[in-house]
Amino acid sequence: MICTKDTSKVCLPDMIECENLAEWNNYLNKLYVEVFKPQFIETVPTFKGWDVISRREPMDGNWEHGFTHMTHVDLLHNSDDPNDRIPDLRRSERLNWVRRIIENYECSVEYNCGKILYWEEMYRGRVRCNLLFKEERFLVVLEQRRDIYFLITSFYIERDWELNKRIKKFEIYEKQKTPLV
């Protein structure tokens, strides 16, 4: 959906909930086929005029690394191996929000509606762009490369202190307008 120019909200699609956890693998396959593949493989979103590419390697079975990263969590936050990740229901059910947030970022900035907070941070020598849909506690992270962006991850922020920490980073970035270190 293109920006609605509605200053009161950025509309997000409905969550795709897992109705039966015993059917988790079928649910993931549905997300991959109906959301991830058409929105990030067959076509790609754009951000600030550049394509947003999902990371494909290392593969986790039949799934690209980007899909695994947006549907699973690494509880220790220290591994690049997709096999070290476990399923994350909150990430998964919001997967179809990711493209909408990326593509509506400029609308949020243009109308200053405060729905999507944006800040940049340095991470291992690269600029990471953070898009926080504050109202829904949902963060999308992109990494800037020469003429593209990589879709790093997206996740639901459960804890208030973590949400407040991210909002504080946005406020600091707004003052200095340079990537946070």
Side-chain angles (χ1 to χ4, degrees), residues 1-4 10-13 31-32 34-60 63-74 77 79-82 85 88 90-92 94-157 162-163 165-167 169-174 176-181:
M1 176 178 166
I2 302 298
C3 174
T4 61
V10 173
C11 299
L12 293 173
L31 288 178
Y32 182 80
E34 294 180 13
V35 179
F36 187 80
K37 192 173 177 185
Q39 291 185 19
F40 298 103
I41 302 296
E42 295 168 353
T43 65
V44 296
T46 58
F47 180 74
K48 296 185 176 186
W50 292 352
D51 288 347
V52 176
I53 307 299
S54 174
R55 189 168 159 194
R56 294 183 183 241
E57 300 291 332
M59 294 290 285
D60 180 22
W63 298 326
E64 287 84 359
H65 182 78
F67 177 74
T68 302
H69 224 280
M70 292 190 298
T71 56
H72 293 70
V73 63
D74 172 10
H77 304 287
S79 176
D80 286 332
D81 184 347
R85 301 179 77 81
D88 185 335
R90 301 295 160 247
R91 289 177 188 232
S92 299
R94 292 165 174 80
L95 182 64
N96 63 339
W97 290 5
V98 175
R99 185 170 181 148
R100 187 73 56 86
I101 289 171
I102 292 168
E103 292 182 337
N104 279 288
Y105 150 76
E106 291 192 25
C107 178
S108 183
V109 169
E110 180 181 346
Y111 287 94
N112 196 26
C113 63
K115 293 292 181 182
I116 301 173
L117 305 182
Y118 173 83
W119 72 95
E120 296 175 358
E121 291 183 76
M122 294 302 296
Y123 181 80
R124 296 184 182 173
R126 298 193 186 272
V127 175
R128 288 216 167 157
C129 305
N130 295 269
L131 304 167
L132 173 63
F133 198 110
K134 184 171 85 172
E135 182 178 299
E136 296 293 341
R137 307 171 71 108
F138 192 72
L139 181 71
V140 176
V141 181
L142 308 174
E143 187 170 277
Q144 184 179 345
R145 297 292 173 99
R146 258 183 257 172
D147 56 355
I148 63 166
Y149 286 93
F150 270 114
L151 177 56
I152 299 300
T153 195
S154 61
F155 56 91
Y156 177 76
I157 301 172
E162 188 176 353
L163 178 64
K165 178 176 127 181
R166 307 261 181 193
I167 292 169
K169 287 182 178 189
F170 162 76
E171 291 168 350
I172 293 169
Y173 177 79
E174 278 295 289
Q176 68 186 37
K177 294 293 186 193
T178 59
L180 304 176
V181 179

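Here the CD1-CG distance, from I148 to D51, works out to 8.0 Å after rounding to the nearest 0.5 Å.
Heavy atoms only, all atoms of each residue included: W50 and R146 are closest at CH2-O, 3.0 Å. Considering all non-hydrogen atoms of both residues, L163 and I157 come closest at N-CG2, 3.5 Å. A pairwise comparison of heavy atoms in S54 and G66 identifies OG-CA, 3.5 Å as the closest pair. The minimum heavy-atom distance between I116 and I101, with the atom names listed, is CD1-O, 3.7 Å.
With sequence neighbours left out, the side-chain contact (heavy atoms from CB on, under 4.5 Å) criterion links E171 to I167, K168. Residues satisfying the ring-ring contact (aromatic ring centres under 6.0 Å, His included) test with W97, not counting sequence neighbours, are F138.
Within the 4.5 Å cutoff, the side chain of F40 has heavy atoms near those of the V98 side chain.
Panel note: side chain R166, backbone R137; no donor-acceptor pair is recorded below 3.5 Å. A distance-only check finds no donor-acceptor pair linking the side chain of R128 to the backbone of Y123 [under 3.5 Å].
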Requested in this report: Please test Y118 against C129 for side-chain contact (heavy atoms from CB on, under 4.5 Å), starting from the C-alpha separation and ending with a verdict.
Outcome: CA-CA 7 Å; Y118 173 83; C129 305; 3.4 Å; yes
Requested in this report: Walk me through it: do L142 and F47 pass the test side-chain contact (heavy atoms from CB on, under 4.5 Å)?
Outcome: CA-CA 9 Å; L142 308 174; F47 180 74; 3.7 Å; yes
Requested in this report: May I have the step-by-step check of side-chain contact (heavy atoms from CB on, under 4.5 Å) for I152 and V140, ending in yes or no?
Outcome: CA-CA 8 Å; I152 299 300; V140 176; over 6 Å; no
Report task. Might you work through the side-chain contact (heavy atoms from CB on, under 4.5 Å) test for N130 and K169, ending with a clear yes or no? Result -> CA-CA 10 Å; N130 295 269; K169 287 182 178 189; over 6 Å; no
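K115 pairs in a side chain to side chain contact (heavy atoms under 4.5 Å, CB included) with only one of the listed residues (E135, E136, K134), which is E135. For the side chain to side chain contact (heavy atoms under 4.5 Å, CB included) with L151, the lone residue among V52, I53, V141 that qualifies is V52. The only member of L95, L31, T71 that meets side chain to side chain contact (heavy atoms under 4.5 Å, CB included) when paired with F36 is L95.
Between the side chains of E34 and Y32, no donor N or O sits under 3.5 Å from an acceptor N or O. Looking only at atom types and distance, the side chain of S154 has no donor-acceptor partner in the side chain of R99 under 3.5 Å away.
By the 6.0 Å and 45° rule, R94 stacks over the aromatic ring of Y156.
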